[in-house]
Amino acid sequence: MASDLKSLRSLKLMGYKMKKLPISLGKLKHLKYLDISSTKVSVLPKSFSKLYHLQTSNFGYCCISLPSGTANLISLRHVYSVHPRDISIMQLTSLRTLTDFVVGTKKGSQIEDLGCLSQLRGKLMIFKLQHVRSKLEASKANLKEKTKLHQLALYWSRRHVGAVNNNNDEERFPSWMGNDVNSSGSSFLLYNMVELLLINCNECTCTLSFGLLPSLKVLYIERMENVRRMVHKLQPGGAESIRLFLALKTLTVCHMKRLEEWVEVVEDATTGGQGVVVFPCLKKLLIYECPLLKTWSMGGFSSHHKRSERLGIDSCTNLISNPEDIGKLHSLNVLSIMDCKNLRSIPGEWLASLTCLKRLHLGPFWSELEDFPGLTSLHQLHASLEELALYGWDKLESLPHQLQHLTTLKELKLWDFNGPEALPEWLGDLSCLHRLHIRNCSNLTHLPHQLRHLIALKELCLSDLNGLDALPEWLGYLSSLYRLEIGNCSNLTHLPSIEAMRRLFNLQHLGIWGSPKLKKRCAKKRGPEWSKISHILKLGKFGFEDEQWIPTRTFPIVEEMGKAKWTPPTLDMLTC
């Protein structure tokens, strides 16, 4: 390395399975960029401290121990690391980027050691905040002076292992989170904050106020398990109107076990005459795993959220707020309402008013419901709706025939549909359908032959259909079929004939799981069904799994909407 790379300016070793770097690393006198992320390197050579021109180092997903003398790297401006834990980093007072800081109890890893890094900007994630001992100690981090930070994530370990004080979470918050908001916003110093994540702050019970952060676009709150009420209180400020969450575009509230109510505004008696605007720019709202949540105030939602595009509610079993407000969200293109058993009705008229809606997921809820007027109105969305998923409709007698008019529908998912009738014949009229998923329809004994008209179908997934013993011959007419998935169909034994299977010339993926009878008959070279599928090996993927295949309860809309730009690190990353 030393002889012919002395003029090297950039060294990228990301992902290499190396455990150490050579001592000669220090001879790369002109090196400005070093990336050893996702390697097994745990200790850097002492010569690392001689890279005086190094500006950027990426230690992501490594457990790095820095050598003494690292503070001599006066050119170092950017450090990307999952687990920085060396005192010398805190001596780099000109550091502009430190993506991660794990709070500990020893000098160099205490929260106050962030105080000297006054030039930090961009993104900062602080882990294991349970180790902060007092409000005074937290204040020494001087977050309020780091005005160039745009993204901030605060993490508490879920079990608070090794915490010095488990009951002072509220004191660890900066003042701009815990105070009641003032309409002038004078108590807020982080005007440039764009993204804020709060995770595992289990001991906090206080009302948190974020509404006057004027640049905040993403707010993610997870597992603040002792917060019962999220309220934004107004105090006299002299303004004619108050605007909360002025720039917020994405709001996620999840795994809040005790949250009962979200109230956007509680007006003081002296502010009753002021106008209030809330969430004027909100585009995505996701609420899930809040089992005690009964009320989500939608006063501002209905008046000012006409730009909202995505709404997801999942596993909020006690939610009883009036859903008619949703019908006023005329720009909504994604709506997911899952596992909200106390929502007894969704009027068809407001569903029909969502003329921009493209994706709709409903269920599983209302176990006693035998009719759903909203479904009969969905045909009015024939010009926009492209994806429809219905989960857990075990009491529904049959799917309403009006759905056959959804001529733009490209994806249809029917899960846990246990009505007395088989699948309706009109499914064959959905000529634009690309993906059809059918799962756990216990009374289904055959696939209606009208499905052969789905010549645009590319993906067919059949799961937990124990009434099926054979796939129909007409399957060969699905000339566009690219993927066929069969899972947990315990009585299925026969595929269509070899002639029909050979007509599926676009089929490149065949997956069979948890269907022991069919698996045995498809055994390579010796099973009677093998000749029907042997050609697929030449086209693409094919495989069997020994273990039973159990499809997980996943709702793509909810998962997609819930992902913040930062993926919370795994426990392994934090304890390595």
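Because the structure is a prediction, the values reported are computed rather than measured.
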Yes or no on side-chain contact (heavy atoms from CB on, under 4.5 Å) for Cys281 and Leu246, after CA distance, side-chain angles and deciding distance? CA-CA 7 Å; Cys281 297; Leu246 182 64; over 6 Å; no

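- Closest of all the heavy-atom pairs between Arg258 and Asn226 is NH1-OD1, 3.5 Å.
- From Lys283, atom NZ reaches atom CD of Glu309 across 4.0 Å, with rounding to the nearest 0.5 Å.
- Counting heavy atoms from C-beta outward, His434 and Glu411 have side chains that stay 4.5 Å or more apart.
- In this structure, Cys254 and Tyr220 have side chains that are in contact, with non-hydrogen atoms separated by less than 4.5 Å.
- The line from CG of Leu436 to SG of Cys461 is 9.0 Å long, rounded to the nearest 0.5 Å.
- Summarising the geometry, atom CG belonging to Leu292 is positioned 11.5 Å from atom CE belonging to Met256; distances are rounded to the nearest 0.5 Å.
- Classification of Arg435 and Glu459 as a salt-bridged pair fails, no side-chain N sitting under 4.0 Å from a carboxylate O.
- A side-chain donor-acceptor contact under 3.5 Å links Ser384 to the backbone of Leu357.
- When every heavy atom of Leu409 is checked against every heavy atom of Glu387, the shortest pair comes out as CD1-N, 3.7 Å.
- Across all their heavy atoms, Tyr155 and Met125 have their closest contact at OH-SD, 3.9 Å.
- Between the CZ atom in Arg359 and the CG atom in Leu335 there is a gap of 11.5 Å [rounded to 0.5 Å].
- The pair Lys294-Glu260 does not meet the salt-bridge criterion, since no charged nitrogen lies less than 4.0 angstrom from a carboxylate oxygen.
- Within the 4.5 Å cutoff, side-chain heavy atoms of Cys290 are placed close to those of Cys316.
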- [ ] Verify side-chain contact (heavy atoms from CB on, under 4.5 Å) between Ser331 and Cys356, making sure each step is shown before the conclusion.
- [x] CA-CA 6 Å; Ser331 297; Cys356 294; 5.5 Å; no

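- Side-chain contact between Leu471 and Leu460 is absent, with no heavy-atom pair separated by less than 4.5 Å.
- Across every non-hydrogen atom of Leu403 and Trp426, the tightest pair is CB-CH2, 3.3 Å.
- At a threshold of 4.5 Å between non-hydrogen side-chain atoms, the residues Leu124 and Leu143 count as touching.
- Contact of the Leu451 side chain with the Tyr477 side chain is not registered, since no non-hydrogen atoms from C-beta on lie closer than 4.5 Å.
- Glu195 pairs in a side-chain hydrogen bond (donor to acceptor under 3.5 Å, both in side chains) with only one of the listed residues (Lys123, Gln151, His150), which is Gln151.
- Here the CG-CG distance, from Leu406 to Asp429, works out to 11.5 Å after rounding to the nearest 0.5 Å.
- Scanning all heavy atoms of the two residues, the minimum distance from Leu354 to Leu381 falls at O-CD2, 3.2 Å.
- For Ala352 against Thr355, the heavy-atom pair with the smallest separation is O-CG2, 4.0 Å.
- Distance NZ/Lys410 to CD/Glu386: 4.5 Å, rounded to 0.5 Å.
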Please report the C-alpha distance between Tyr391 and Arg439 in whole Å, then the side-chain angles of each, then the deciding distance to 0.1 Å, and finally whether the side-chain contact (heavy atoms from CB on, under 4.5 Å) criterion is met. CA-CA 9 Å; Tyr391 304 93; Arg439 174 186 172 187; over 6 Å; no

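- With contacts defined as side-chain heavy-atom distances shorter than 4.5 Å, the pair Ile221/Met230 qualifies.
- Counting heavy atoms from C-beta on, the side chains of Met193 and Ser215 never come closer than 4.5 Å.
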key: Residue pair Met338, Ile313: steps toward the side-chain contact (heavy atoms from CB on, under 4.5 Å) verdict   = CA-CA 6 Å; Met338 314 296 301; Ile313 305 174; over 6 Å; no

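- Classified by interplanar angle (parallel below 30°, tilted 30° to 60°, perpendicular above 60°), the ring pair Phe279/Phe245 is parallel.
- Side-chain atoms of Thr408 do not come within 3.5 Å of backbone N or O of Ala383 as any donor-acceptor pair.
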